[in-house]
**Student:** 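Have a look at this one before I ask anything.
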Amino acid sequence: GENVEQHPSTLSVQEGDSAVIKCTYSDSASNYFPWYKQELGKRPQLIIDIRSNVGEKKDQRIAVTLNKTAKHFSLHITETQPEDSAVYFCAASRSLGGSNYKLTFGKGTLLTVNP
Amino acid sequence: NAGVTQTPKFQVLKTGQSMTLQCAQDMNHEYMSWYRQDPGMGLRLIHYSVGAGITDQGEVPNGYNVSRSTTEDFPLRLLSAAPSQTSVYFCASRPDRSSYEQYFGPGTRLTVT
């Protein structure tokens with residue numbers, strides 16, 4: 001089955017700096033890669049996702065890049081703010097439809113943005 | 001819309017007891033899933049359903065049963081609770097095969113002593 005590795009497990013940055021979280025996946029057939037943000041005691045929420053036919057996607061201060069050849073994808077947060085502090089999870093899925101749909105998550109990155 | 005709801009929010013069980021974690025969604029979503037979250041382990045898929053009457057196993061199904069008799073409800077049953085099942089459980093749903101985003105419920109924190 002799919003295996004998703006996520007690094008680093010913890011990341012501390014100063015407010016205004018950029019943060020980068022990296023994930024690798026094992027199944028070359030995976031084609032959907034979402035990122036979730038989970039604040040302390042809250043539910044995970046989707047912040048951005050990318051599909052395998054796209055190399056990069058941006059949404060304001062957040063961007064995700066995908067390298068299918070190397071089987072890795074990254075989350076980039078620019079101009080970090082204290083409210084960006086949370087646990088971030090990457091995930092990968094082989095198929096969006098039918099019984100093949102299973103999201104495999106990385107173990108998470110605790111991002112702390114220091115004022 | 002209430003979205004995805006879960007009950008109870010907290011539960012303490014003794015080893016060997018059984019219980020059902022409830023999950024409901026009012027968005028008419030076809031797909032529903034159960035995950036468990038343990039410290040340092042991310043979210044792991046327990047069981048999922050692609051529609052009423054259809055369920056399948058995820059990554060960590062042992063010790064859990066599910067059923068999907070209606071579109072709205074997807075209960076998770078612990079038959080004989082074990083300390084290893086101490087975790088936070090999240091239910092999630094998504095509309096159908098063409099929709100990507102999963103919507104998570106607020107979670108149930110379960111402790112088995």
Side-chain angles (χ1 to χ4, degrees), chain A residues 1-10 21 23-27 30-54 57 59 64 66 86-110, chain B residues 2-7 9-10 21 23 25 27 29-61 66 68 87-109:
Chain A
E2 174 68 277
N3 182 49
V4 177
E5 299 281 344
Q6 183 172 346
H7 299 280
S9 56
T10 61
I21 303 170
C23 289
T24 60
Y25 61 98
S26 61
D27 187 351
S30 287
N31 57 10
Y32 173 63
F33 308 93
W35 287 87
Y36 284 82
K37 176 183 180 182
Q38 186 179 29
E39 296 175 356
L40 186 63
K42 301 290 182 64
R43 71 192 78 187
Q45 291 192 302
L46 180 71
I47 55 171
I48 195 168
D49 57 11
I50 192 167
R51 299 166 214 175
S52 60
N53 58 347
V54 175
K57 184 177 178 180
D59 183 2
V64 58
L66 171 64
V87 178
Y88 291 81
F89 293 98
C90 64
S93 170
R94 183 179 243 216
S95 172
L96 291 166
S99 59
N100 287 323
Y101 176 78
K102 295 180 185 179
L103 266 185
T104 301
F105 284 83
K107 294 184 178 181
T109 296
L110 174 61
Chain B
V4 182
T5 59
Q6 292 183 238
T7 56
K9 290 187 177 181
F10 302 95
L21 307 186
C23 174
Q25 51 88 13
M27 300 175 283
H29 286 181
E30 286 187 21
Y31 289 24
M32 297 185 76
S33 304
W34 275 103
Y35 295 87
R36 60 177 290 173
Q37 184 175 33
D38 303 294
M41 294 296 292
L43 291 144
R44 292 183 292 171
L45 183 65
I46 305 171
H47 286 286
Y48 66 101
S49 170
V50 299
I54 306 169
T55 63
D56 205 347
Q57 296 182 349
E59 183 183 351
V60 287
V66 292
R68 184 99 181 268
S87 188
V88 179
Y89 292 84
F90 287 100
C91 179
S93 73
R94 72 182 180 104
D96 52 40
R97 62 170 58 229
S98 65
S99 302
Y100 308 112
E101 183 172 357
Q102 282 204 116
Y103 298 81
F104 281 87
T108 294
R109 183 174 294 275

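Computed over heavy atoms, backbone and side chain alike; hydrogens, waters and symmetry mates excluded. Throughout, a chain's letter reflects where its sequence line sits, starting with A, and its residues are numbered from 1.
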**Student:** Quick check on Gln57(B) against chain A: is it the side chain, the backbone, both or neither that has a heavy atom closer than 4.5 Å?
**Tutor:**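 The backbone, not the side chain.
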
**Student:** Where does Phe104(B) contact chain A at under 4.5 Å (heavy atoms): side chain, backbone, both or neither?
**Tutor:**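 Interface part for Phe104(B): both.
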
**Student:** What part of Glu30(B) gets closer than 4.5 Å to chain A, counting heavy atoms only: side chain, backbone, both or neither?
**Tutor:**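 It is neither, since no heavy atom gets under 4.5 Å.
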
**Student:** Looking at chain A, which one of Gly51(B), Ala92(B), Gly40(B) has the largest number of heavy-atom pairs inside 4.5 Å, strictly under?
**Tutor:**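 The option with the most such pairs is Gly40(B).
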
**Student:** Flag the one option from Leu43(B), Ile54(B), Val4(B) with the top tally of heavy-atom pairs under 4.5 Å to chain A.
**Tutor:**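 The candidate making the most pairs under 4.5 Å is Leu43(B).
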
**Student:** Side chain to side chain contact (heavy atoms under 4.5 Å, CB included) between Leu103(A) and Tyr35(B): does it pass, once the steps are laid out?
**Tutor:** CA-CA 10 Å; Leu103(A) 266 185; Tyr35(B) 295 87; 3.7 Å; yes

**Student:** Please look at Gln38(A) and chain B and tell me whether the side chain, the backbone, both or neither of the residue comes under 4.5 angstrom of a heavy atom of that chain.
**Tutor:**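 Just the side chain, heavy atoms under 4.5 Å.
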
**Student:** Under 4.5 Å heavy-atom distance to chain B, tell me which part of Pro44(A) shows up: side chain, backbone, both or neither.
**Tutor:**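 Both parts, backbone and side chain.
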
**Student:** Under 4.5 Å from any heavy atom of chain A, what part of Val88(B) do you find: side chain, backbone, both or neither?
**Tutor:**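 Nothing of Val88(B), per the 4.5 Å heavy-atom cut-off to chain A.
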
**Student:** Show the nearest heavy-atom pair for residues Tyr36(A) and Gln102(B), with the distance to one decimal.
**Tutor:**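 What the structure gives for the nearest pair is OH-CB, 3.4 Å.
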
**Student:** Considering residues, nucleotides and ligands other than Arg109(B), do more than 12 of their heavy atoms fall under 6.0 Å from its CZ?
**Tutor:**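 Atom CZ in Arg109(B) is not crowded, with 12 or fewer foreign heavy atoms closer than 6.0 Å.
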
**Student:** Roughly how far apart are Glu59(B) CD and Glu2(A) CD, rounded to 0.5 Å?
**Tutor:**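 Here the rounded value is 10.5 Å.
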
**Student:** Above 12 or not: heavy atoms from other molecules or residues under 6.0 Å from NZ of Lys107(A)?
**Tutor:**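 No - once you tally the heavy atoms of other residues, nucleotides and ligands closer than 6.0 Å, there are 12 at most.
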
